[in-house]
Amino acid sequence: MKPVTKMGAVVLVLFTIGVFISPVKSLDNGLALKPTMGWLHWERFMCNVDCDTDPNNCISENLYMQMADVMVTEGWKEAGYEYVCIDDCWPSHQRDAKGRLQADPKRFPRGIKKLADYVHSKGLKLGIYADLGTFTCGGFPGSMGYYDIDAQTFADWGVDLLKFDGCYMKWTLLGEGYTNMSIALNQTGRSILYSCEWPLYEWPHHQPDYAAIRKACNHWRNFADVYDSWDSVKTILDWTADHQDVIVPAAGPGGWNDPDMLVIGNFGLSHAQQESQMALWAIMASPLLMSNDLRDICPRSKQLLQNTRIIAISQDPLGRQGYRTAKVDSFEVWERHLSGGRLALAVMNKQEIGGPRGFPLTLATLPSWKICHPQCNVTQVLPSYKELGVQTLLSKLVVVVNPSGTALLTVTPI
Ligand code: GLA
C-alpha cells in the first residue's frame, strides 16, 4: 500500500467530513456549487421565430450574441451573471442524416458551435434546451431515444448547461429519463451543468424523490412557469413555503431548487415587487436566471439585479436555502442562515393597499432574533442600503416596508 502523503491525508479528512455532513448527496460534476447566475430567453422572448418581421427579438444567434455583448459591457458579467442560455424553439424540425439535432439554419446560420465560441470569447458560458420526451414543449424534436447522441452533440458544440424539459413523456418514466441523461452528459467528459424539470412533472402524481433528483441534477424546477406578473411571483413563493419541509433540505452546494426566472426589468412588476422577487430569490438560494431584455432595461431594475449585497446573500458559501418563518399581520417573514453565523431576513408586506407599514423586529415576531443576544449588528439591504447599527433583544427596531415590497436585512451576531 502506498503511504498516505500529508496532502492525501487532508483530502481524505475533507472527503470524510463531506460524506458525513452533507444531508443528501449531490450530482458529482463539480458544478453549481453556488446558485447559477445568468440569462435565459424564455419568459421574455418565448417562441418568437418570426425573424422576418421581428429580427431584434426573434430566437436567433443574434439575440444571444447581443446579450453576451451587453453582459460584458454593462457590468452583468462582473456582477456574476455568467450563463447565456437558449430555451425552446432553437432547433430545426428535422434531425440531420446522423440523427443529430441541428439548429434552425435560417435563424442560426453559423450553428451552435460558432455561437458557443463567440460566447466563450466573451468569458461567458452557453446554455441550451432540450426535452426528454418525444417533443419539446414547443413542438420541436425531443431527445427520447437520442440521449447519448444529444449529450455528445452538445458537448461537441461546447455547450456548458443543458435545461432538460419533461413535455411529451409518460410521467412514470421521468426518473429513468432524467437519470439517463445525467449519465449521458457525464460520459461526454465535458462539464455541463444539468438543469432539470423532473419534480415539476411528478408533483401532480406523487411526491418526488428529492434524494434521487439531487443525485442527478444541478437544479430542478418544482412548480409552474413564471409569468411577468406579481400574481405569478406570489404563487411561486406560496408554493415554495407550503412545501418547504420537503424541498429546502434537498438544496445545497451542487443542487438547488429552481423557482424559475427573474422577470425583473420587464413590464409586469412594480419596483417594490421587483425588489421582492430579487430579495426572496436570494433568500431561497435560487438560480438567478434573468429573462429580460438587457439591451434595453431601466436603470433601477439594472441596479437591483446588480446589487452586490443581495447577490452576496444569494451566493453565500454556506449554501443553505432559506424558508418562511411567519405570516403575521399581512407580513411574511423569511430567513436564511448565512456563513459566519449570520442571518438574512426578508420581511415582505403583503398588504396591497395603503402606504409603507412598519414591522417591529422582536422575539415575538421573529424567534431567530435571539441571534441579537447579547448584541448584533444589522444592515438593511433593501429597500435602501442603511447601516442600522448595534442592536440587542431590547432594541425597538422597526423596518418600514412598501406595499408588496420587501425589507431585506443581514444580521451579524456580536
Ligand atoms: C416549459 C418550461 C418553460 C419553457 C417552455 C418552453 O413550459 O417549463 O420554462 O422552457 O417549456 O417551451
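Order of appearance sets the numbers: ligands from 1, and atoms from 1 within every ligand. The chain is numbered in sequence order, starting from 1.
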Closest protein heavy atom (residue, atom, distance) for atom 5 (C) of ligand 1 | Trp42 CE2, 3.7 Å
List the closest protein heavy-atom neighbour of atom 1 (C) of ligand 1: residue, atom name, distance to the nearest 0.1 Å.
-> Asp165 OD2, 3.0 Å
SB check Asp117 Lys113 (cutoff 4.0 Å) = yes
Is the shortest distance from a Lys or Arg side-chain nitrogen in Glu61 or Arg107 to a carboxylate oxygen in the other one below 4.0 Å?
-> no
Looking at Arg95 and Asp150, does any basic side-chain N land under 4.0 Å from a carboxylate oxygen?
-> yes
Nearest protein heavy atom to atom 12 (O) of ligand 1, by residue and atom, and its distance?
-> Asp88 OD2, 2.7 Å
Starting from atom 9 (O) of ligand 1, find the nearest protein heavy-atom neighbour and note its residue, name and distance.
-> Lys163 NZ, 2.8 Å
Of all the heavy atoms in Met46, does at least one lie under 4.0 Å from an atom in ligand 1?
-> no
Lys302/Asp296 ion pair, N-O < 4.0 Å | no
Output yes when Asp209 and Arg214 qualify as a salt bridge under the 4.0 Å nitrogen-oxygen rule, no when they do not.
-> no
Shortest protein heavy-atom distance from atom 4 (C) of ligand 1, along with the residue and atom involved = Asp87 OD1, 3.5 Å
Which residues pass the disulfide bond (SG atoms under 2.5 Å apart) test with Cys85, sequence neighbours left out?
-> none
Could you list the atoms of ligand 1 found under 4.0 angstrom from a heavy atom of Gly138?
-> 12 (O)
Please determine if Lys122 and Asp69 form a salt bridge, counting it only when a charged side-chain N lies under 4.0 Å from a carboxylate O.
-> yes
Protein heavy atom at shortest distance from atom 7 (O) of ligand 1 | Asp225 OD2, 2.7 Å
Do any nitrogen or oxygen atoms of Glu197 come within less than 3.5 Å of a nitrogen or oxygen of ligand 1?
-> yes
Can you find a non-hydrogen atom of Thr136 under 4.0 Å from ligand 1?
-> no
Ring centroid separation for Tyr201 and Trp171, is it under 6.0 angstrom?
-> no
List every atom of ligand 1 that sits less than 4.0 Å from any heavy atom of Arg221, numbering the atoms from 1 in the order shown and giving each element.
-> 8 (O), 9 (O)
